[in-house]
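In what follows, chains carry the letters A, B, and so on, assigned in the order in which the sequence lines appear, proteins first and then strands, with residues in each chain numbered from 1.
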Amino acid sequence: MNLQLLFFARLRETLGVSRTSFTLNAPATVADLLGALRDRGGVWATELAAGRNFRIAVNQEMADLNTPLSEGDEVALFPPVTGG
Amino acid sequence: MNLQLLFFARLRETLGVSRTSFTLNAPATVADLLGALRDRGGVWATELAAGRNFRIAVNQEMADLNTPLSEGDEVALFPPVTGG
Amino acid sequence: MKITVQTEVFDLNAEVTALHRNNPSVGAIATFLGTVRSESGQVSEMALEHYPGMTEKSLAAIVQEAQSRWAVLDATVIHRIGPLAPCEPIVLVAIASAHRGEAFAACEFIMDFLKTRAPFWKKETTTAGGQWVDARTSDESAAQRWNKP
Amino acid sequence: MKITVQTEVFDLNAEVTALHRNNPSVGAIATFLGTVRSESGQVSEMALEHYPGMTEKSLAAIVQEAQSRWAVLDATVIHRIGPLAPCEPIVLVAIASAHRGEAFAACEFIMDFLKTRAPFWKKETTTAGGQWVDARTSDESAAQRWNKP
């Protein structure tokens with residue numbers, strides 16, 4: 001399935017990408033997506049390592065590792081928020 | 001001793017006075033002053049009766065029945081406050 | 001600290017700008033604006049009476065108590081007196097702090113004590129005539145809760 | 001309800017006037033204004049990034065949750081994005097209610113959840129260069145306390 005990946009703030013800068021398309025075998029969860037991204041190695045493995053503090057939103061709703069993904073989903077990865 | 005008495009809001013209207021001088025035998029407390037005022041009878045006895053809900057300030061500080069009075073004190077009587 | 005009792009309307013922008021003073025330590029400004037209510041349009045006028053001298057002293061004591069409890073960088077309290085129309089502003093409390101928790105707490109504390117300790121009295125005019133507003137026990141409860149540990 | 005994410009500065013008087021709408025049921029307006037801090041003058045610029053689309057949705061959900069908990073007559077949330085100088089306003093939350101307790105609670109609730117749930121990120125520029133601001137655990141604690149009975 002095809003996903004739209006979005007990256008914000010520190011993650012956007014460190015990974016060097018703000019928006020990209022990504023293809024993943026279905027069925028898949030957020031955990032599967034993170035595994036596939038870590039397999040890219042380098043900063044991807046470092047920044048998305050299991051102990052790192054980041055958040056995931058699927059279709060603009062907060063998600064967790066077990067959230068299932070579907071064709072066309074918008075998946076955003078970002079650090080804990082700091083607005084206000 | 002001579003006191004300056006001030007009345008505010010509903011008490012000012014009901015008693016028909018906003019400011020007056022009052023002479024009281026020393027030594028005296030707020031309770032003594034209230035007794036002397038009640039002795040005037042009429043609305044004074046009614047409005048200042050023991051069960052009525054009013055407040056007393058002596059020299060612009062909240063006071064109670066036991067607060068001692070001194071020559072020249074400013075004593076204010078008023079209903080519970082309702083500003084803001 | 002600015003504490004004023006006045007008949008004139010105040011300007012919120014001007015007060016908040018003066019409170020902030022371009023102080024870069026300020027990160028949070030909590031304000032409370034009280035306005036004349038008129039449920040079902042029944043109140044045609046609200047008259048505010050006060051005790052000149054004691055009012056300013058009691059407001060200053062309340063603000064100082066707030067400053068002793070929270071890290072307040074600056075505070076403004078303005079209370080209007082005289083006849084006011086429905087929807088007109090009555091009171092402004094504005095608190096500048098580094099962080100929001102302190103600003104909110106100090107602002108609400110000052111309002112709770114202003115409502116129950118500062119010598120102001122409201123008289124409403126309705127079609128039934130003028131009547132003094134009764135003190136609300138909920139206001140006294142609001143002030144009491146700050147005594148809790 | 002008004003929820004806006006914008007680069008432009010906002011006008012506090014205009015926002016409060018629009019929120020009040022000359023509604024005589026309004027007796028209380030609580031507002032929170034967040035401004036760019038620069039302790040010891042170290043921050044020369046604060047840049048705000050956000051997640052367009054999700055930001056507005058999450059702010060609307062937070063305001064709706066506040067409206068379900070307290071009798072809110074109207075609410076305004078404005079959050080600025082882009083580069084801001086020290087002392088500039090970042091965020092405004094303004095709540096109109098009949099009584100002050102509801103206005104204060106809803107305003108503080110919205111700020112606590114905005115701080116921890118709305119997708120905004122701050123990057124400070126100091127003499128040491130640019131650095132992303134870390135999330136504060138005290139903000140998460142502030143949001144958690146609203147879960148208590």
*Of the non-hydrogen atoms in K57(C) and N59(B), which two are nearest, and what is the gap between them?*
NZ-O, 4.1 Å
*Atom CD of E140(C) with >12 non-hydrogen neighbours under 6.0 angstrom*: yes
*Side chain, backbone, both or neither of K122(C) within contact of chain B (heavy atoms, under 4.5 Å)*: both
*Looking only at non-hydrogen atoms, find the nearest pair between V81(B) and A135(C) and report the distance.*
O-CB, 3.9 Å
*asked:* As an exercise, state the distance from OG1 of T82(B) to NZ of K123(C), rounded to the nearest 0.5 Å.
replied: 12.0 Å
*Using non-hydrogen atoms and a 4.5 Å limit, figure out which bit of D134(C) sits close to chain B: side chain, backbone, both or neither.*
backbone
*With rounding to the nearest 0.5 Å, note down the distance linking CE in M54(C) to CG in L6(B).*
11.0 Å
*Select, from G53(C), A61(C), A47(C), G34(C), the one with the greatest count of heavy-atom pairs under 4.5 Å involving chain B.*
G53(C)
*For the side chain of H79(C) and the backbone of G84(B), is there at least one donor-acceptor N/O pair under 3.5 Å apart?*
yes
*How would you list, in number order, the residues of residues 12-38 of chain B that have a heavy atom less than 4.5 Å from chain C?*
R12(B), E13(B)
*asked:* Within the 4.5 Å heavy-atom criterion, are P79(B) and W121(C) side-chain neighbours or not?
replied: yes
*Using non-hydrogen atoms and a 4.5 Å limit, figure out which bit of R136(C) sits close to chain B: side chain, backbone, both or neither.*
neither
*Nearest-0.5 Å distance, CZ of residue F8(B) to CH2 of residue W132(C)*: 10.5 Å
*What parts of residues 7-33 of chain C touch chain B if we use heavy atoms and a cut-off under 4.5 Å?*
none
_Counting only non-hydrogen atoms closer than 4.5 Å, does A57(B) touch chain C with its backbone (N, CA, C, O), its side chain (CB onward), both, or neither?_
side chain
